[in-house]
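Structure, as structure tokens:
Please read these numbers as outputs of a predicted model, since none were measured by experiment.
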Amino acid sequence: MVTKVSKMKQKRAAQVSVDVLVKQIRSYTREVDVPLLTKAYEFADKAHQGQQRQSGEPYLRHPFAVAKILTELKLDVPSVAAGLLHDVVEDTDYTPEDIKAEFGETIASLVEGVTKIGKIVFKNTQEKQAENFRKMIVSMSTDIRVLLIKLADRLHNMRTLDALAEEKKDRIAKETLEIYAPLANRLGIGWIKSELEDLCLHAMKPDIYQSLQKDVKAGSGGRKRYIKSVVGIINKTLKENHFKCEVYGRSKHLFGIYRKMERQGIPFEEIYDLMAVRIITDTKMNCYAILGLIHSLWRPVPGRFKDYIAIPKSNLYQSLHTTVIGPEGKHVEFQIRTEEMHKIAEDGIASHWVYKDGGQINSKDEQVFAWLRQLLEWQRDLPDTRQFMTSVKADLFPNVVFAFTPKGDLKELIKGSTPIDFAYAVHTEVGDHCVGAKINGVITPLRQAIKNGDTVEIMTSSSHMPSRDWLKFVKTSKAKAKIKHFIGLEERAQSLALGRKILEREARKEKLSPTEVMKSKEILNAGREQGITTIGDLLIAIGYGKISAQHVIRQLLPQSKIKEGITEKIIRKTGIGRSDVKVKGVGDILIHLSKCCNPVPGEEIIGFITRGRGLSIHTVNCPNIDELDCDRERLVAVDWDKKHSQSHAIDISVLTLDRPGLLAAVTAAISETGANIKHADIKTTEDQKGNFNLVVDIENIRHLEKVLKKIESLDGVLQARRVHKG
């Protein structure tokens, strides 16, 4: 009897949940397959029966929350059903085939596309993150709804992050801030981007988040009254001029405030545009007319006008932005757009999706998908996951300029882009064969930065090929990827020939037949530890200097001829007396820490075989590694040796208010952490700020974080950060 009552309650609960989804879906479409949604909910309920989240709540609440977010994005029923089922394959015994049998190929494909990669083992967390992202890009090449479901999944995970351990919380929040929030922004889904950023700030810097929340709340009454009065003036003026509009105030989200404080080095009290006024009207013409009306009421702030209607952002965002000196001399920001523009600004790519075509792209909205196709190009041209991730991250944070072809076609580039970047934006063949360029009819150097509105003409020659020097000044990820791809192919061919020549010479020294050496099965033992499985790859590694020919030949010699003391793992002292880096490989090699990123124990590192200077050690996130990516064969695995530890001199910059006694407080704080100051340079800026440039001896990355946190806790300190000199 108890079981029967329990099942009835369960069925009622399921019906209530499905009704919530159905009601939301009916608010934007009449096509609602209620039986399908009910079946998906009950299937997920059964599959996750007995499972709990870290918070202790039933697991089913997560997929239901994801499905609900998808209805807020106004997605179709198959997407919402896939949201309910998205974790079934990963977290239960059900397979993709089971989903396909029950729900058909479309939903099964969506579920499989979203399923995380948990069974593949990668070398490090960064590579795993990159491979997950690559998989997501490949999945969405057939149906972008995969990415929208993934964003909804990440949003709910961020909303419920508090139940996780601190270390995991920080890792997920960092990944979200680096990848998912910018993705939401690039796809034009403003509300998800803003919420993800705020949730990341709450997870990574809870003290700052709470302090900002408190500061914003403290002055909210006065700000609301002020904005209400501004809205009143605008409404009255618009009504007098017969405009149909909706006018309301909106608050800047906390992460936006924090980022502005960090970027400009100013306290909260100096942020004046905490609220903005948004005006939604009926036509594009009226947007410009209302802009003129606002400028007739209040004086505009120079340099703060943006016309995203004439030149939309890459995610199709359109709006007029202007800041004026409003009543009481306060700055007020206005955003003016049509209803259609507002819909795109809020829902982005989701507002463009054409469901009846089964995931196909409407030609009218082709532009919004151009970036996604570019991602697919990168994942084909850049087989290395870390390099792929670098390209994606660089493109997620664009500072855009627009330039024209001689025929008037508009090309979107990032700030600082050159004619080479422009050439690759036109076509890969144009980029590969570029020999010169004209900007606005004048021949200019290929490293010349393109400005907004420039007309660029590319000159080509079929005999000309990309140059490695181009990597020193190109800016766009596409140009870098194409140049590296070409150079990588060229250098592999050269290294193959050189490696063969070196190995044959070494074989003759030991009186071995080069032909027999190449045919030997044992020869590949030399490269097995580094994942080399073919003769071609082994010869390339020898050509690059990653593996010595002597080591390869030793695999074929009798043990009696092999010299003692050679090992597979070497720990060598560097020229500056270090002994704290372990290197996998064979043969003597000099090691030095690169000055550009100055690695610290605890950071992930990688080695690069230089010509004549031994092995250079970089952090895996070092920006200069990006320039070395076409020489992947010269990158080697390295790690810190925990048995050998010594101090590292790290540059630290501290920005403070100009107050007496702050220098003493900073030095005392550093001493309390057990660190030693080797050098200090103190300056006072024109705006009454103190700038301390310090060189501090620290033990590892955790020690550095402790030092920075201790300094930032001092009253009067605005910022403490590590500085890279390279």
Side-chain angles (χ1 to χ4, degrees), residues 130 178-179 182-183 185-186 263 306 311-315 367 370-379 381-382 384 386-405 409-440 442-460 464-488 596-597 618 621-631 724 726:
E178 288 183 350
I179 300 299
L183 262 177
N185 180 54
R186 193 69 203 244
R263 191 170 56 239
K306 298 286 184 184
I311 303 179
K313 290 186 180 182
S314 54
N315 56 18
Q367 182 188 338
W371 180 69
L372 302 175
R373 287 197 306 275
Q374 186 171 292
L375 287 186
L376 295 169
E377 263 190 56
W378 292 341
Q379 77 88 20
D381 290 344
L382 305 176
D384 175 62
R386 189 184 52 76
Q387 184 182 336
F388 168 71
M389 201 62 165
T390 302
S391 291
V392 172
K393 283 184 182 179
D395 208 68
L396 284 173
F397 300 93
N399 199 347
V400 179
V401 295
F402 295 92
F404 298 90
T405 67
D409 294 332
L410 188 67
K411 297 296 174 185
E412 177 191 327
L413 303 164
I414 59 174
K415 191 174 181 180
S417 289
T418 65
I420 296 292
D421 296 289
F422 186 89
Y424 277 106
V426 173
H427 196 278
T428 300
E429 288 290 314
V430 176
D432 283 347
H433 301 303
C434 174
V435 290
K438 292 181 181 178
I439 297 180
N440 302 325
V442 179
I443 294 177
T444 56
L446 290 177
R447 59 173 65 240
Q448 175 81 35
I450 294 171
K451 298 190 293 295
N452 254 327
D454 281 348
T455 297
V456 183
E457 181 183 348
I458 302 297
M459 295 175 280
T460 61
H464 198 269
M465 296 300 170
S467 163
R468 178 184 289 277
D469 289 339
W470 289 359
L471 290 172
K472 295 176 182 176
F473 56 81
V474 294
K475 297 295 181 183
T476 59
S477 298
K478 180 176 182 179
K480 288 178 183 177
K482 294 298 182 183
I483 295 165
K484 288 172 188 173
H485 180 63
F486 179 85
I487 293 172
C596 54
C597 56
H618 298 257
N621 295 318
C622 175
N624 288 337
I625 282 289
D626 186 45
E627 293 183 18
L628 310 175
D629 274 332
C630 49
D631 291 335
H724 296 293

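Counting all heavy atoms, side chain and backbone alike, C434 lies closest to A423 at CB-CB, 4.3 Å. Contact detail for V456 and A403: the closest heavy-atom pair is CG2-CB, 4.3 Å. Taking both residues in full, the closest heavy atoms of L446 and F473 are given as O-CE1, 3.4 Å, listed atom of the first, atom of the second, then distance.
In this view, T418 and D421 satisfy the side-chain hydrogen bond (donor to acceptor under 3.5 Å, both in side chains) rule, not counting sequence neighbours.
When side chains are defined from C-beta on, F422 does not count as touching V430, because their heavy atoms never get closer than 4.5 Å. The shortest side-chain heavy-atom distance between I487 and L471 falls under the 4.5 Å cut-off. The closest side-chain heavy-atom distance from Y424 to P466 is below 4.5 Å.
I439 CD1 to D454 CG: the interatomic distance, rounded to the nearest 0.5 Å, is 5.5 Å. Rounded to the nearest 0.5 Å, atoms NZ (K480) and CD1 (I483) are 9.5 Å apart. Within the model, atoms OG1 of T460 and CG of D432 stand 11.0 Å from one another, a figure rounded to the nearest 0.5 Å. Here the NZ atom belonging to K475 is positioned 12.5 Å from the CD1 atom belonging to I450, to the nearest 0.5 angstrom. Rounding to the nearest 0.5 Å gives a distance of 15.5 Å between CD of Q448 and NZ of K438. Atom NE2 of residue H433 and atom CE of residue M459 lie 16.0 Å apart, to the nearest 0.5 angstrom.
Within 6.0 Å of NZ in K411 there are more than 12 heavy atoms belonging to other residues, nucleotides or ligands.
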